[in-house]
Colleague: 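Quick one: structure below, then a few questions.
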Amino acid sequence: MSEAAAANGSPSPAPTPEVPATELAQLALEDEPKVSFSDQFKAFSKFGDSKSDGKLITLSQSDKWMKQAKVIDKKITTTDTGIHFKKFKAMKISLSDYNKFLDDLAKTKKVELSEIKQKLAGCGAPGVVSVSAGKAAAAVDRLTDTSKYTGSHKERFDASGKGKGIAGRRNVVDGSGYVSGYQHKDTYDNAH
């Protein structure tokens, strides 16, 4: 008991047991998941919403959870989850309503409820599971290859691909008296 609490005669509040996300991740990596379904519900209901207290979950949070747990596949889609979630006519639903939502979804899609709950409990802490950075690199390489540029863009770079600067962007006036593109420049005196 703190000194201020002892002076007032009121006991200090007991700390509430919070399971941190890193501990959830460690527990989820073990063979037998020790993280309960309700702990995962609380973690995913806070995911992406700093103001959430962990008691209500939105449809988007639920979909993220189901995608991470690989519940959403060819049999169960985000459209299905949206239809069943909207039956509650609320933007956020509680754990008890979420259990009803899962039960309704499982019955409609002919999937075992226990299988869905097991996947949801054992999927790990909320977060980005896989990151793919391979597709963009090839596109960027193709778009920045100056040897493939055509038209006026081709004139902005030299043979090595280095930019010419202002000379590559501005039409420099010749001042010779010939029109641009004339190929027989300075040949008049030789012919006459």
Side-chain angles (χ1 to χ4, degrees), residues 13-150 153 161:
T16 57
E18 288 288 320
V19 181
T22 54
E23 192 176 320
L24 280 175
Q26 287 297 325
L27 290 173
L29 292 175
E30 297 174 6
D31 291 339
E32 191 70 31
K34 294 180 182 176
V35 180
S36 70
F37 177 76
S38 59
D39 288 339
Q40 286 287 67
F41 176 86
K42 191 171 189 175
F44 275 91
S45 64
K46 290 181 178 181
F47 185 56
D49 185 5
S50 59
K51 297 175 185 167
S52 176
D53 59 355
K55 294 179 182 171
L56 301 173
I57 193 166
T58 64
L59 174 60
S60 64
Q61 290 167 331
S62 172
D63 284 349
K64 287 176 191 173
W65 187 11
M66 289 184 166
K67 284 177 186 175
Q68 186 170 325
K70 295 185 176 35
V71 171
I72 291 181
D73 53 11
K74 296 204 184 283
K75 190 161 186 138
I76 298 175
T77 64
T78 54
T79 306
D80 299 325
T81 60
I83 290 168
H84 291 282
F85 197 93
K86 295 298 179 185
K87 289 180 181 177
F88 290 94
K89 300 196 183 336
M91 295 299 290
K92 296 181 175 185
I93 59 174
S94 65
L95 179 60
S96 61
D97 285 341
Y98 194 73
N99 282 323
K100 292 175 192 171
F101 157 74
L102 289 177
D103 186 43
D104 187 32
L105 183 66
K107 281 181 184 172
T108 306
K109 291 307 205 172
K110 296 178 177 64
V111 179
E112 286 294 321
L113 177 62
S114 60
E115 180 185 336
I116 292 174
K117 283 192 171 186
Q118 184 180 8
K119 284 182 178 181
L120 291 173
C123 71
V128 180
V129 176
S130 62
V131 177
S132 63
K135 291 182 181 178
V140 170
D141 288 343
R142 180 177 49 84
L143 293 171
T144 56
D145 184 4
T146 58
S147 67
K148 295 181 180 172
Y149 288 177
T150 60
H153 304 292

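Side chains included, hydrogens not; waters and symmetry mates left out as well; all remaining heavy atoms used. Note that the structure is predicted; figures quoted are calculated from it, not measured.
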Colleague: Quick one: does Cys123's side chain get under 4.5 Å of Phe44's, heavy atoms only?
Modeller: yes

Colleague: Less than 6.0 angstrom separating the ring centers of Trp65 and Phe37, yes or no?
Modeller: yes

Colleague: Heavy atoms only: give me the nearest Ile93-Phe85 pair and the separation to one decimal.
Modeller: CD1-CE1, 3.5 Å

Colleague: Which atom names give the shortest non-hydrogen contact between Ser52 and Gly54, and what distance separates them?
Modeller: OG-N, 3.2 Å

Colleague: How long is the gap from OG on Ser60 to CG on Asp49, to the nearest 0.5 Å?
Modeller: 9.0 Å

Colleague: To the nearest 0.5 Å, what is the distance between CD1 on Ile57 and CZ on Phe47?
Modeller: 11.0 Å

Colleague: How long is the straight-line distance from NZ of Lys107 back to CG of Leu105, given to the nearest 0.5 Å?
Modeller: 12.0 Å

Colleague: For the atom pair NZ (Lys42) and NZ (Lys55), what is the distance rounded to the nearest 0.5 Å?
Modeller: 7.5 Å

Colleague: Counting C-beta onward and ignoring hydrogens, is there a side-chain heavy-atom pair between Gln40 and Leu120 closer than 4.5 Å?
Modeller: no

Colleague: Less than 3.5 Å apart, any donor N or O on the side chain of Thr81 or Asp63 sitting next to an acceptor on the other?
Modeller: yes

Colleague: Would you call Asp97 and Lys100 a salt bridge, using N to O less than 4.0 angstrom?
Modeller: yes

Colleague: Got Lys64 and Gln61 here, is their nearest side-chain heavy-atom distance under 4.5 Å?
Modeller: no

Colleague: Could you tell me the separation between the CG atom of Asn99 and the CG atom of Leu113, rounded to the nearest 0.5 Å?
Modeller: 7.5 Å

Colleague: For residues Lys119 and Ala69, report the shortest heavy-atom separation together with the two atoms involved.
Modeller: O-CB, 3.3 Å

Colleague: Classify the ring geometry between Phe101 and Tyr98 as parallel (under 30°), tilted (30 to 60°) or perpendicular (over 60°).
Modeller: tilted

Colleague: Got a second to check how far Ser62's OG is from Lys92's NZ, nearest 0.5 Å?
Modeller: 13.5 Å

Colleague: With a 4.0 Å cut-off on N to O distance, would you call Asp103 and Lys117 a salt bridge?
Modeller: no

Colleague: Can Ser45 and Leu56 be said to form a side-chain contact (heavy atoms from CB on, under 4.5 Å), step by step?
Modeller: CA-CA 6 Å; Ser45 64; Leu56 301 173; over 6 Å; no

Colleague: Compare every heavy atom of Pro126 with every heavy atom of Ala43, then report the nearest pair and how far apart it is.
Modeller: O-CG, 3.7 Å

Colleague: May I have the step-by-step check of side-chain contact (heavy atoms from CB on, under 4.5 Å) for Asp80 and Thr108, ending in yes or no?
Modeller: CA-CA 9 Å; Asp80 299 325; Thr108 306; over 6 Å; no

Colleague: side-chain contact (heavy atoms from CB on, under 4.5 Å), that's the test. Do Met91 and Thr58 meet it? Break it down for me.
Modeller: CA-CA 6 Å; Met91 295 299 290; Thr58 64; 5.8 Å; no

